Each structure stands twice: as structure tokens, then as C-alpha cells.
Amino acid sequence: MQITAAVVHEVAGDFAIETVSLSEPTEHEVLVEIAGVGLCHTDLAVKEGHLPFPLPGVVGHEGSGTVVRVGSGVTKVAAGDKVAISFNSCGQCAHCGKGEPAYCHNFMAFNFGGVRPDGSSALTAGDATLGGNFFGQSSLATHAIAHERNVVKVADDAPLELVGPLGCGIQTGAGAVLNSLDVAPGSSLVVVGAGSVGLAAVLAAVVREVGVIIVVELHESRRELALSLGATHVVDPADGDLSEQIRAVVPDGIDYAIDTTALLPVLDQILQSLGVRGTLGLIGVPADPTATIPIGMMSTQLFGLTIRGIVEGDADPDTFIPHLLDLHRQGRFPFDKLITTMPFSQINEAVAVQHRGDAVKVVLVHE
């Protein structure tokens with residue numbers, strides 16, 4: 001079928017809205033008509049050449065919409081079902097078997113390889129094959145081919161255009177608090193960066209009844225938003241040494257920290273802010289994939305510190321996305337307050353808006 005997609009032709013180039021061809025779903029695939037798709041930092045990291053993906057190609061991995069057709073082997077969803085689309089996983093490796101698909105042994109191939117597991121692509125433009133299957137969806141388009149494993153059926157009353165970011169960014173931030181770090185009620189938490197991932201962590205910290213929630217953010221509007229969502233304190237890094245500002249709030253040091261920036265000078269300050277047995281969770285993707293963190297070995301050992309990487313909030317989308325939607329339905333997880341919708345045709349303007357900090361999370365909707 002012919003669809004409209006945002007094609008990336010070259011590193012650092014703009015998205016080009018074009019007509020391309022999308023193949024029919026194979027045995028375990030699902031064709032989804034996209035209602036909305038979040039614009040995520042990871043999409044832009046591919047566009048800027050910071051992450052591997054074959055170009056020209058179509059990215060997009062926070063899609064949501066309605067199932068149009070399913071392959072002959074699909075039993076999980078049917079035509080007409082409303083779905084959020086999340087990351088893909090193989091379902092066969094040891095970690096998938098343990099319900100830990102975010103640490104699938106084949107994560108890179110299934111999400112960044114640009115092709116289906118059999119080596120084919122669902123996307124073509126004329127005689128040229130396009131990179132596709134991004135996070136098992138390539139949903140910066142009017143339609144996407146997803147896989148049975150990475151579609152999650154949502155209730156009819158879910159805000160369909162807005163649920164796509166639950167499949168990655170919002171899932172990651174919330175999952176970091178509720179799953180990865182399992183932040184204890186009454187404890188202290190610092191969140192570095194008040195983008196959609198960081199603010200989703202704040203929302204989850206409120207759900208978990210964390211005692212002190214400190215948000216570090218340059219933009220005043222985002223600091224104000226963080227306070228309105230439940231942060232107890234905000235810190236402007238321009239006001240001075242971060243560790244001193246944080247310890248002014250919690251003199252003995254923070255129990256948990258979540259970093260979404262991947263900036264080494266910031267991470268150094270956050271490590272100095274951790275209290276005894278403190279834990280730092282790393283979510284931010286560094287611009288340089290070879291970047292390393294220098295740590296004080298003696299202090300790390302003496303104070304029993306933990307530093308751990310986090311992928312997709314350690315979430316199993318099949319259970320975690322419905323959980324977040326249940327919390328939203330109860331008024332306890334208002335993730336919609338993080339979202340600004342813009343027309344899909346304005347994708348390049350949306351990139352600029354998000355880059356300036358004028359919007360926390362842009363979701364592109366089809367007119």
C-alpha cells in the first residue's frame with residue numbers, strides 16, 4: 001500500500017514528507033494506522049548520526065493507532081483494536097524468557113537493524129529499499145508494520161492519539177522509578193533533566209510517595225511544570241555547584257538519582273550528591289557512544305554506591321503500559337500534561353520546538 005512517511009535521507013538532514021510503499025504484514029506482523037507518534041530524542045539521535053541505522057530510512061518508535069490487518073499467525077490483537085506500539089524483542093532469549101524484554105539479547109538487531117528479522121524491509125521508495133522496522137515499527141508515518149510482540153492493546157477509553165510515548169520515553173522515566181530503582185516511599189530522589197523522561201519519573205515518584213523529589217533543570221518553565229506535577233524542590237544548574245545545591249536540601253545526600261542528560265560534568269556532581277548506599281540510574285544517551293564515567297573507587301566502595309544502566313525502565317510493555325493507563329484513569333499519572341500535539345506535516349518545526357524547550361513532548365497527529 002502507499003503511505004506517507006517522514007524519510008531521513010542523510011545524517012543531519014531534515015525529515016522529508018514523502019509517499020512510500022509499505023508491504024503487507026507477514027505471519028506475525030500487524031498493520032497499524034497511526035493516530036499519533038511521539039517525537040523522541042532517540043529518533044533525533046539517529047537523524048544526527050549518533051546511533052546506528054541504515055539511511056535513507058523511516059524512524060519513529062512511539063506510535064499508537066488502530067489495527068488494520070494482522071498476519072495469519074497473530075492471536076494477540078485483531079483488526080479494530082486500539083494499540084500502543086513499544087520496542088521490539090525476540091521472545092526467545094534468556095532475558096525475554098524471564099520477562100525482561102528491555103534486555104533482550106537481540107535488542108540492537110530487532111530495534112536498530114533497519115530490517116525485519118528475515119533481512120527484508122517493509123518499506124520501499126520506487127526501486128530503493130528504505131531502512132525500516134525501527135523499534136519494530138517505524139511509525140513516523142500514516143501506517144506502520146509492527147510485530148505481535150511489541151503491540152499492546154489499550155482500552156477504548158484510552159486517549160489513543162497520546163498513548164504512543166508510553167511505549168518508550170514515558171515508560172522509561174516511570175519505569176526507572178517503579179521498576180529499575182524500585183524507589184522506596186519516603187526516600188529522596190533527584191531527577192536531572194525535566195524532559196518527558198525526567199518528568200515521567202517525577203509523576204512516578206509521586207505515585208510511589210517519595211518524600212523529597214528534586215528536579216535539576218535549566219529551563220524555568222520546566223522547573224515550574226515539575227513543581228506543578230509534584231516535585232518538592234527544583235534546582236537551576238546555573239545557580240552554582242549542583243552537589244552543594246542538592247545537599248542544601250538533603251544534607252546527608254540523596255538516596256536515588258536519575259540522569260537523563262548523559263553529560264559528564266553533571267554526572268560528576270550527581271555522584272557527589274549521593275548519600276550512603278545511594279543509587280544512580282543512567283538513562284541519558286551520550287552523544288559519544290564511547291564516553292566513560294570516571295568514578296572514585298574508594299568512595300564508591302566505602303559508601304556502598306550503585307551505578308546502573310537503565311533501558312526502557314526495565315518494563316515489560318504488555319503489563320506496564322496498561323498499569324500506567326490505569327493510573328492515568330485514576331488521575332494519579334497525568335502524563336497528558338507533558339504532551340503538545342502538532343500536525344505530522346510540521347515535523348521539522350516540531351523538532352525545533354522541542355529543541356528550544358518550548359514543548360516537553362511533541363506528539364505528531366495526522367490531519
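All values derive from a computational prediction rather than experimental measurement.
- Within a 6.0 Å sphere centred on CZ of Arg277, heavy atoms belonging to other residues, nucleotides or ligands number 12 at most.
- Looking at residues two or more places apart in sequence or on another chain, you find a side-chain hydrogen bond (donor to acceptor under 3.5 Å, both in side chains) between Gln330 and Arg332.
- Looking at Leu140, Ile85, Thr66 one by one, the single match for side chain to side chain contact (heavy atoms under 4.5 Å, CB included) with Ile34 turns out to be Ile85.
- The six-membered or imidazole ring of Phe112 lies near that of Phe135, with a centre-to-centre distance under 6.0 Å.
- Looking at Val197 and Ile258, their side chains never come closer than 4.5 Å, going by heavy atoms from C-beta outward.
- Residues His95 and His105 place their aromatic rings such that the two centres sit under 6.0 Å apart.
- Remark: Lys153 NZ is loosely packed, at most 12 non-hydrogen atoms of other residues, nucleotides or ligands lying under 6.0 Å away.
- Rounding to the nearest 0.5 Å places CD of Gln171 at 7.5 Å from CG of Leu324.
- Contact record, Ala291 with Pro286: CB-CB, 4.2 Å, taken as the closest heavy-atom pair.
- Other residues, nucleotides and ligands contribute over 12 non-hydrogen atoms within 6.0 Å of the CD atom of Glu48.
- Side chain of Gln245 to backbone of Val235: no donor-acceptor contact under 3.5 angstrom is found.
- Between the side chains of Glu27 and Ser72, no donor-acceptor pair is found at a separation under 3.5 Å.
- Between Asn111 atom CG and Asn150 atom CG the span is 8.0 Å, to the nearest 0.5 Å.
- If you take CG on Leu280 and OG on Ser273, they are separated by 10.0 Å, rounding to the nearest 0.5 Å.
- Sparse packing is recorded around CG of Asp127, with 12 or fewer heavy atoms of other residues, nucleotides or ligands lying under 6.0 Å away.
- Heavy-atom contacts from other residues, nucleotides or ligands closer than 6.0 Å to CD of Glu209 number 12 or fewer.
- Between Ser180 and the choices Thr172, Thr279, Asp314, the side chain to side chain donor-acceptor pair (under 3.5 Å) rule is met once, by Asp314.
- To the nearest 0.5 Å, the span separating NE2 on His323 from CG on Leu178 amounts to 5.5 Å.
- By the 4.5 Å heavy-atom criterion applied to side chains, Phe320 and Val152 are not counted as neighbours.
- No hydrogens or angles considered: a donor-acceptor pair under 3.5 Å links the side chains of Glu367 and Ser345.
- Side-chain contact, Glu33 with Thr142: no donor N or O sits under 3.5 Å from an acceptor N or O.
- The shortest heavy-atom contact between His143 and Val68 is CD2-CG2, 4.5 Å.
- Taken from CZ in Phe15 to NE2 in His9, the straight-line distance is 11.5 Å, to the nearest 0.5 Å.
- Side-chain atoms of Gln137 do not come within 3.5 Å of backbone N or O of Ala146 as any donor-acceptor pair.
- Listed here is the closest heavy atom pair of Leu325 and Pro159: CD2-CD, 4.5 Å.
- Glu62 is not listed as a side-chain neighbour of Ser139, based on a closest heavy-atom distance of 4.5 Å or more.
- Inter-residue side-chain proximity for Pro25 and Val30 is flagged as unmet; no heavy-atom pair is nearer than 4.5 Å.
- Looking at Thr260, its side chain does come within 3.5 Å of a backbone N or O of Val192 through a donor-acceptor pair.
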Are Asp255 and Ser188 close enough, and set up right, to give a side-chain hydrogen bond (donor to acceptor under 3.5 Å, both in side chains), and what steps lead you there? CA-CA 5 Å; Asp255 297 316; Ser188 57; 3.1 Å; yes
